[in-house]
2 protein chains.
Amino acid sequence: MDLDAVRTFLLAAEAGQFQEAAAELAVTQQAVSKRIAALERTLGVRLFTRTPRGVELTIDGQAFLPHARELLRAADRAAASVRPGRRPLRVDVINLRGATSGLMRGFHRAHPGIDLDVVKLFDVGTAVAALRSGEIDASFRAVAAPGRPLPDDIASVRVLDEPLHLLTGPAHALAGARSVTLAGLAGHRIWMPGIVPGTEWAAYYDDLVAAFGLTIEATGPNFGSDALLDTVADTPALATFMGDHPRLVRPAGHGLRRIPVTDPTPVYPHALLWHRDNPHPALAALRAHLAATAAGHDAAGTWTPDWVIPR
Amino acid sequence: MDLDAVRTFLLAAEAGQFQEAAAELAVTQQAVSKRIAALERTLGVRLFTRTPRGVELTIDGQAFLPHARELLRAADRAAASVRPGRRPLRVDVINLRGATSGLMRGFHRAHPGIDLDVVKLFDVGTAVAALRSGEIDASFRAVAAPGRPLPDDIASVRVLDEPLHLLTGPAHALAGARSVTLAGLAGHRIWMPGIVPGTEWAAYYDDLVAAFGLTIEATGPNFGSDALLDTVADTPALATFMGDHPRLVRPAGHGLRRIPVTDPTPVYPHALLWHRDNPHPALAALRAHLAATAAGHDAAGTWTPDWVIPR
DNA sequence: GCCCGGACACAACCGGTGGTTGTGTCCGTA
DNA sequence: TACGGACACAACCACCGGTTGTGTCCGGGC
């Protein structure tokens, strides 16, 4: 299906004749006739009934009309998503299915009129470079890189502290526990195949391991969170960390157990990063929305590395 | 923008390399390279970074990706809307902004998964022919044609009785009335430029005029309901009939007055028509929805022509 | 009643887009 | 260092999509 033909169809349907549509498109009437004929051939139905006074839509043409409009709108939105200047607000998240994308969904619900694009960059360093170059407008990054503070032109604010829970299968030794302490996890195998070395969140888990003598394995290929959950559910010796975002685990799937971690609770500190000079109007709306909805978690009894973005 | 190029972009993004996308599309790698290059040229941005091991998405490419998916979905839906067999449920309504399209909106809210197409045919005769040919699946037609009963293979059920109100501007003689009788309208000019001669609803108004000695003018070009309301609001000597559908009149616009008509109340009887042999699964859902939501209006004190579809 | 004008379709022609084959370049790996 | 895999560039060619010219149909005006 050719978008030019669809656009021609729309103009012809609105004008009621090919001649006028041809004039608007700056082509000849014959070209419009051929485009419509080609579209009708690919669709396999007649879209117009030809009359000596012009054309009018068939029933199929009437049914096709709103879909044609929507198709062209989609094409416009797609083109606008990469147009420099006045493109949709572009936000980097750490994970397409984690707590931060939940924040983005909430923002979208609150402001349905604001066009959003969500991307996933490699790490905070890439994100900061993209913020400074203007390729993205905001970034949900949990932490700054260890020992490397944010540059002065990048602003940041903590928006969400995400406590980590332990996730085990029903046959795991800790499956029946109401809660577990961080020290009590020493000796247990914790499997997190999604960790990418070199990222700031790998550094987070490195610090966590060093501080409490845990055993976190990041070996093996990452087949996605579904496969991870399946494996954890079926393997008694394996457990994994997972944020407390409610949508992440399918309801009652596979008999998975979610066990809070205490003394202290490891907390993943999400922050919003943006460039101070970024003039995108939707950025202000996003900051305002997050400031209004961010729940002030209590820092007592929690653990984060000491190099994260401060509250 | 070329849909083939967008499809190629999607495959290449998912595969991570042009080679594999080319194999899936049964073209050469060079063709894929050229398609992507052309798409990047029309969009004005780079979508992929080329590496010796394949390609990976740029930030712009990541932002474009979901829009590309949506664009192709829209193209699929557009094509499906005219595919014979297993196309969306196609329903004819009498007016795109009247009570029946409100019923369709309610059905869509109740069954968001059912694809719908709404068309507007000339009159009940056209609708019956389209039902019998399978071009449409259901029709909201207020009434049968006078003196011409529905054929045996067309089923019908009354779903909504729409009382007509009088609509006047603030300077009209009846503007202050709490209600008005049908007989009391004799001598007043009632203007309904939308009436198309030869349709069954024109016959409805003909009967109404004959039964109560009204003066209904259908002269002048119909510039749409907005223009109609503007004229009625500004012209003291003009009034018009309008269904009581709440969305039809803009809230408090132009100081329009809506006056109930009584003794009797003229009622426009909407019915659903369908072909008895139509196997479309969504048709049963529509009938069930209408049966469940149709409010049983009281027939006492109302008027309809005697040739309408019976309750 | 006839002719004219407006509108769409068909035919012939032609240029440019979009495919192929062939080749070059880059880079990771053996 | 040589090889292999992957993408880009160049040359070539077919076909798609445009234009001009013409035919047909039908309604309205003289």
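Chain letters run A, B, ... following the sequence lines, proteins first, then strands; residues in each count from 1. Side chains included, hydrogens not; waters and symmetry mates left out as well; all remaining heavy atoms used.
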Notebook entry, point to check: Taking atom P of D/dG17 as reference, at what distance in whole Å does atom CD1 of A/I36 sit?
Noted result: 13 Å
Check: Is the distance between the ring centroids of B/F48 and B/F18 under 6.0 Å?
Finding: yes
Next item on the list: Take the protein atom CG of B/L39 and the nucleotide atom P of C/dG18, then report the distance between them rounded to whole Å.
Entry: 12 Å
Item checked: Heavy-atom neighbours of A/R73 CZ exceed 12 at 6.0 Å -> yes
Protein-nucleotides 3-11 of chain D N/O pairs closer than 3.5 Å?
from  : atom 1 : to    : atom 2 : distance (Å)
D/dA6 : OP1    : B/Q17 : OE1    : 3.4
D/dC7 : OP1    : B/F18 : N      : 2.6
D/dC7 : OP2    : B/Q19 : N      : 3.0
D/dA8 : OP1    : B/R50 : NE     : 2.2
D/dA8 : OP1    : B/R50 : NH2    : 3.1
D/dA8 : OP2    : B/S33 : OG     : 2.3
D/dA8 : N7     : B/Q29 : NE2    : 3.2

Check: For residues A/D92 and A/S139, is any side-chain donor paired with an opposing acceptor at under 3.5 Å?
Finding: yes
Notebook entry, point to check: Out of curiosity, A/N278 CG to A/R132 CZ, how far, rounded to the nearest 0.5 Å?
Noted result: 13.5 Å
Next item on the list: Would you check if there is a donor-acceptor pair between the side chains of A/H275 and A/D137 at a distance under 3.5 Å?
Entry: no
